[in-house]
Every structure is written in C-alpha cells, then in structure tokens.
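Heads up: the structure comes next, in structure tokens.
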Number of protein chains: 2
Amino acid sequence: MDVKPVGAPADRGVVSLLAQLNKGVHRLMTDELLGLRLKPYMVLGYIRDHPGATQAELESALFLDANSVVLILNELESARYSIRRRDPNDRRRHIVELTPDGRRMLDRAEKARESLEGEILKDLSAEDRRTLRRLLGHVLDSLLAVPPRG
Amino acid sequence: MDVKPVGAPADRGVVSLLAQLNKGVHRLMTDELLGLRLKPYMVLGYIRDHPGATQAELESALFLDANSVVLILNELESARYSIRRRDPNDRRRHIVELTPDGRRMLDRAEKARESLEGEILKDLSAEDRRTLRRLLGHVLDSLLAVPPRG
DNA sequence: TATTGTTATACTCTATAACTATA
DNA sequence: TATAGTTATAGAGTATAACAATA
C-alpha cells in the first residue's frame, strides 16, 4: 500500500487538484519574483512561440476573453514588451509581436519561473517531471478541442 | 521523436500549463453543471474528508485567505450545506461540519465533476490518469510544505 | 450581415487592515 | 500579548454588452 498523500486523502478529482495547485503556485509567482504578473508572462511566451498570432488566437488558446487580451496587451505595450500591428491581409486583425525588450524580459522571467518550478517539483524524478508535462499537455490539447461554450 | 503537442510547442513550464488548464477547466465547471461554484464545492469536499477541520485549516489547505473562507462558509451555511460550531476546547475556533443536505449536494456535484473529468481525460489511459493524479498529489504536497509567504 | 478589436460596466475574487472574542 | 474569526474596503480579475472599423 502507498502512503496516503496529505493533500488528497480521499481523491477529490483532477479538477479540484488543478484548482488547488494553481492557487498555491499563483501565490508564489509574485510580481517581484517574475518581473511580470502571470497572465502577461503567458501572453509574452505565447507570442514568442506563435509568430503571427492575433488577439483572437490569444483569446482561445489561453482561455481569456477579448477584454482581458486588450488590457494585457495595453499593459505590455506601454512597457514596450510587445506591439500590435494591423494584418495587411485583413485590416480588422492585429498581429501581436514581441519586441527585443519583451524578449529580454521574457528570458528573465523564465529564469525565475524555472527556479520556482525546481523548488515545487523537487520531489519528482526527472522522468516524473517529463511525464507530468506530457500528461498535462495532453489534457490541455483535449481541453482546447472542446467546443467553446457548452 | 514525439509528435509536438499543439498546446505546448516550446515547453513553457508546468506553472503556465497549470494556469492555462485551470482556466480552461474552470470555464467548463459552471454553476449550473455543478450546482455549486468550484470554491464552495472544494470546501464541502474538504470538510467531508477532514472531520473536525477549522477555518484556519481550510485557509492553509486550500490556499484561501481568511476572508474568503468566511464568505464561502456564509454562503454554504445559508444554503444549509454546512454549519459552524464552536470548538469546546478552544472557543476562538470554529469546527466546520457537513450537513446531510450538504452531503447530498456534494454527491451530486461529484457526479457532475466526474462526468466532465471523463471528457477532459478521455485521451488518457486508465494508467495515465492514475499517474497524473499521483504526480499532481505529490506536487500539492510539496506546495503545502513551502512556508506560507516568502 | 459577420468578424475583430475596443470601450464601458458590473460582478466576482483576492488581499489588507481594523475589530471582537477568546486564549 | 497572540490567535481565530469577522467585517469593511479597495484592488485585481472576469464576464457582458454596445460600439467602430473592416470584411
């Protein structure tokens, strides 16, 4: 028999676990540690990894609403970390790009994130960490495939 | 080489994955599906699984602040799902208990949660699901061991 | 007429500090 | 003096709808 983990005495499901974990992690990912709040950090990471991304794409990929995307981009733009430019093929769209300053900030933030993550995952083997990332990635893919709205 | 998952083209780390997943799951865990919002549901689950729990315990275990605990318990109590009674050994404390109505609601909510969870995890094998729960549980334990505040 | 992004607004959630009562 | 819980309040985050520009 395994030792019963403190955090999940009677298994309350992945949904609750995720919520609990996210809350716990979020309160460690402070502004002063990261240099950014978590949402803007995630947006910067997304536009680096998906060149040509539009605001609508950020909305669906990160499960944000249009309004939040606007506010986050306003903030990033006033800090000179990203810019919006019109898509010449469809002038309704904005294509969001990372600036050199934004890339530097993102690199710095990722260093901080990795250090925190190392602390949180310190009880997992390298293989367990890979497995965790892989499984979470799969779940995210399923979630992104769920039709938006019920 | 593995197929590159859509959701994590350049691995942005577990922290971002958790935040993204939580957001996506949270918008599916609607009030009308669950009968409760997620936080009150988690509190009900916690007091069922930890008889004799106090408000301070809910605070640290679920990463809530004292104020949120009060508001959630007010809500649960007015719906007759839980009650607070003074701890006879230390009359400053409240011991929070599940009522029969609360237990019924919790059972119903867990059915709904399991059904949603089945959809989200449908691409994972039974073994992968167990692994995911186990790894998330470990991470939660590490997180609970981190000293509160930096 | 539909879509992309913006603005305005309200609602929820979270964080903080001051207060009451018990220890 | 310190702790458990409550109250009050402000701030951040989130959701909704109305609007402008473009398709």
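Computation of the quantities below employed the complete heavy-atom set of this structure, encompassing side-chain atoms and omitting hydrogens, waters and symmetry-equivalent molecules. Quick note on labels: first sequence line is chain A, next is B, and so on, each numbered from 1.
Side chain of B:Ser68, nearest nucleotide from C:dT14, D:dA15, C:dA23: C:dT14.
Pairs passing the side-chain hydrogen bond (donor to acceptor under 3.5 Å, both in side chains) check and including a residue from residues 60-72 of chain A, sequence neighbours excluded, read A:Asp65-A:Ser68.
Along DNA chain C, the nucleotide nearest to B:Arg91 and the one nearest to B:Leu64 differ in position, and the one closer to the 5' end is contacted by B:Leu64.
With sequence neighbours excluded, the residues forming a side-chain hydrogen bond (donor to acceptor under 3.5 Å, both in side chains) with A:Asn74 are A:Arg84, listed by chain and number. Under the side-chain hydrogen bond (donor to acceptor under 3.5 Å, both in side chains) criterion, B:Glu114 pairs with no residue, sequence neighbours left out. In this structure, the salt bridge (charged side-chain N to carboxylate O under 4.0 Å, His left out) partners of A:Asp90, at least two apart in sequence or on a different chain, are A:Arg92, A:Arg93. Every residue meeting the side-chain hydrogen bond (donor to acceptor under 3.5 Å, both in side chains) condition with B:Glu57, not counting sequence neighbours, appears here in chain and number order: B:Tyr46. Qualifying ring pair (Phe, Tyr, Trp, His ring centres under 6.0 Å) partners for A:Phe63, counting only residues two or more places apart in sequence or in other chains: none. Residues passing the side-chain hydrogen bond (donor to acceptor under 3.5 Å, both in side chains) test with B:Asp87, sequence neighbours excluded: none.
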Polar pairs (N or O, both sides) under 3.5 Å between protein and nucleotides 3-9 of chain D?
| from | atom 1 | to | atom 2 | distance (Å) |
| --- | --- | --- | --- | --- |
| D:dT3 | O4' | B:Arg92 | NH1 | 3.3 |
| D:dT3 | O2 | B:Arg92 | NH1 | 3.1 |
| D:dA4 | OP1 | B:Arg93 | NH2 | 3.4 |
| D:dG5 | OP1 | B:Gln55 | N | 3.2 |
| D:dG5 | OP1 | B:His94 | N | 2.9 |
| D:dG5 | OP1 | B:His94 | O | 3.2 |
| D:dG5 | OP2 | B:Ala56 | N | 2.7 |
| D:dG5 | O3' | B:His94 | ND1 | 3.1 |
| D:dT6 | OP1 | B:Arg84 | NH1 | 3.1 |
| D:dT6 | OP2 | B:Gln55 | OE1 | 3.1 |
| D:dT6 | OP2 | B:Gln55 | NE2 | 2.7 |
| D:dT6 | OP2 | B:Arg84 | NH1 | 3.0 |
| D:dA8 | N6 | B:Asn67 | ND2 | 2.8 |

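Within the structure, a side-chain polar atom (N or O) of B:Arg27 is placed less than 4.0 Å from OP1 or OP2 of D:dA15.
Residues from residues 36-46 of chain A with heavy atoms under 4.0 angstrom of DNA chain C: there are none.
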